[in-house]
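Remember, it's 1-based here, ligands and their atoms both numbered in the order they're listed. Keep in mind the model is a prediction, meaning the values are calculated, not measured.
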Amino acid sequence: MLKQLTLFDNPVEGSPDLKLSRSGTFVDNMSLPIHRWFRYSAGFAASWVEEVLLEWRIQPGQFVLDPFAGSGTVPVVCDSIGINSIGVEAHPLVARICKAKLLWECDPIQVRSFAAEVLKYAQDQKPNVSSYPQLIQRSFDTEALATLDSLKSAWSSLQDSSPESELVWLALTSILRPTSRAGTAQWQYILPNRTKKNVIHPLLAFQQQVETIKSDIRCMQARAKRSRAEIIAGDARAFASSMPQKVDAVITSPPYANNYDYADALRFEMTFWGDVTGWGDIHETVRKYLIVSSSQHSSRERLKASDLLGSDAVEPIRNELAVVMDQLAKVREAHGGKKPYHTMIGAYCRDISLVLRQLRIACKPESRMCWVIGDSAPYGVYCPIEKWIGELAMAAGFKQYHFDKLRDRNIKWKNRKHRVPLKEGLLWIEG
Ligand SMILES: C[S@@+](CC[C@H](N)C(=O)[O-])C[C@H]1O[C@@H](n2cnc3c(N)ncnc32)[C@H](O)[C@@H]1O
């Protein structure tokens, strides 16, 4: 029988059998200290991560890795139960958020005083609302944007390399959606044309968020002495040489091959901070560093099917992949958008294979991995992703794999009127 640790008061419902338990969604984390500091739609549930670590009997002194760390669910859970962890995340803003969440060792009083300084300084700033790109101007009431701009200028003038400075940056970043009138789509794309009713005043939201950070730091510090996490802001296709240590276990969820554009997810926050000026910048600033999982990505890089199929990384699945890519190339001709899903799928498999090779170097012998993964069917052409990842893992040097289905899904493609049944589940890889 699994026992839930008590750090976060969040009982896991249902069967304790990991094969049947759910990996959950990030919404489950929004009541949990530290996890709730930034709402990242792509994340999985902290309680499930903890359950897997308990089931595996991971001990203090051992190391857990997440090569697609996102907003840091795995390292934060590991910190909460005193286990060493390493996370890799290639999206610069997401990696910064993840790193900030692991600064919980700092003095909460210092965070509050830094925030108070920012608030005081902001009063003397002259807001400049008109300098923001249209996306930002359309997403806020003028007064709200003026307040946020004053907070941003104040933070920019006062920032230093201290943890409190970074946590106040995170506080400001995390209130942008709640203080904006723009809607957010299910997968975090910003929708400036869809206005929402519940909008919080920026000053109130900022003060509340700083208080949340302060109390969550206290909560974590009451249970753990120090953070044992290290975050590599880099590419999972080439991270092994940066690893300080080989690891015992991996828990992760990669992007799915379902056309969700991770680079676009936080365009709103990046535009506010001036990291990008528009959609066009996103590729050079973010997307090109990520694994290929959207047709935007494969089309921007003008990938060629023959090059992808020629890559030795896809050798173990080449024949099956070639058939699927060929079908996708043909089906595409009948669709107006002519999306290059054939090269998207080829590049996705190549990239996942490269990640698995890195993982083989990064993991100790007899290590174990759990991947939360879903298959996909662009233009209705089925791609057996979990089988392919399993086979690529064997070719990379792992010893065995099996897949446990958690749920059926057919969300992304249902508007395209195909009826290919899809699923999501846990891919267990060992050796
Ligand atoms: C499904 S999300 C993981 C979310 C994470 N489990 C959490 O709870 O926040 C996948 C993540 O992989 C990241 N990613 C994509 N390509 C990557 C690459 N080449 N190297 C490292 N991370 C990458 C994306 O930016 C995204 O944050």
Looking only at heavy atoms of Gly234, does any of them come nearer than 4.0 Å to an atom of ligand 1? yes
Exam field: side chain Asn29 to backbone Ala46, donor-acceptor pair closer than 3.5 Å: yes
Starting from atom 16 (N) of ligand 1, find the nearest protein heavy-atom neighbour and note its residue, name and distance. Ile291 N, 3.0 Å
Numbered in order shown, the ligand 1 atoms found under 4.0 Å of a heavy atom of Ser253 are 1 (C), 2 (S), 3 (C), 10 (C)
From Lys99 NZ over to Ile97 CD1, what is the distance, rounded to the nearest 0.5 angstrom? 13.0 Å
Among all protein heavy atoms in this structure, tell me which lies nearest to atom 21 (C) of ligand 1, with the distance rounded to 0.1 Å. Ala90 N, 3.3 Å
Numbering the atoms of ligand 1 from 1, which are under 4.0 Å from a heavy atom of Gly43? 4 (C), 7 (C), 8 (O), 9 (O)
When you compare ligand 1 with Tyr40, is there at least one nitrogen or oxygen pair between them that comes in under 3.5 angstrom? yes
Ligand 1 N/O within reach of His91 N/O, cut-off under 3.5 Å: no
Between Tyr341 and Asn259, is there a side-chain donor-acceptor contact under 3.5 Å, judged purely by atom types and distance? yes
Closest to atom 13 (C) of ligand 1 among Lys288, Glu89, Lys101, Arg287 (heavy-atom distance): Glu89
Ser71 neighbourhood, listing ligand 1 atoms whose heavy-atom distance to it stays under 4.0 Å: 7 (C), 9 (O)
What I want to check is whether the side chains of Trp37 and Ser174 have a donor and an acceptor closer together than 3.5 Å. no
For the rings on Tyr256 and Tyr348, is their centre-to-centre separation under 6.0 Å? no
Report yes or no: do Thr184 and Arg177 form a side-chain donor-acceptor pair below 3.5 Å? yes
Looking only at protein heavy atoms, what sits closest to atom 19 (N) of ligand 1 is Asp235 OD1, 2.8 Å
Under a plain distance cut-off of 3.5 Å, with no hydrogens placed, do Asp281 and Thr277 share a side-chain donor-acceptor pair? yes
Within 45° of the ring axis of Tyr262 and under 6.0 Å from its six-membered ring centre, is that where the NZ or CZ of Arg287 lies? no
Does the ring centre of Tyr379 sit less than 6.0 Å away from the ring centre of His335? yes
Take the angle between the ring planes of Trp273 and Trp155 and call it parallel below 30°, perpendicular above 60°, tilted in between. perpendicular
Test of proximity, Ala42 against ligand 1: N or O pairs below 3.5 Å: no
Has ligand 1 got any nitrogen or oxygen that is less than 3.5 angstrom from a nitrogen or oxygen of Pro255? no
Would you mind listing which atoms of ligand 1 come within a distance below 4.0 Å of any non-hydrogen atom of Pro67? 21 (C), 22 (N)
Do Phe268 and Tyr132 have their ring centres less than 6.0 Å from each other? no
Does Tyr289 come within less than 4.0 angstrom of ligand 1, counting non-hydrogen atoms of the residue? yes
Euclidean distance, Trp371 CH2 relative to Leu356 CG, rounded to 0.5 Å: 4.5 Å
Which protein non-hydrogen atom lies closest to atom 20 (N) of ligand 1, naming both residue and atom, and how far is it? Ala236 N, 2.8 Å
What class does the angle between the rings of Trp428 and His402 fall in, given that below 30° is parallel, 30 to 60° is tilted and above 60° is perpendicular? parallel
Between Ile58 and Ala249, the two heavy atoms sitting closest are CD1-CB, 3.8 Å
Atom 8 (O) of ligand 1 - nearest protein heavy atom and its distance: Thr73 OG1, 2.6 Å
Non-hydrogen atom of Ser293 closer than 4.0 Å to ligand 1: no
Please determine whether any non-hydrogen atom of Ala46 lies less than 4.0 Å from an atom of ligand 1. no
Regarding ligand 1, does Phe44 bring an N or O atom to under 3.5 Å of one of the ligand's N or O atoms? yes
Can you tell me which residue and heavy atom of the protein come closest to atom 2 (S) of ligand 1, and the distance to 0.1 Å? Tyr262 OH, 3.6 Å
Mind checking whether Phe68 contacts ligand 1 via backbone (N, CA, C, O), side chain (CB onward), both or neither, at a 4.0 Å heavy-atom cut-off? both
Quick one: look up the protein heavy atom nearest atom 5 (C) of ligand 1 and list residue, atom name and how far away it is. Ala69 O, 3.6 Å
May I ask you to check whether Pro254 has an N/O atom sitting below 3.5 Å from an N/O atom of ligand 1? no
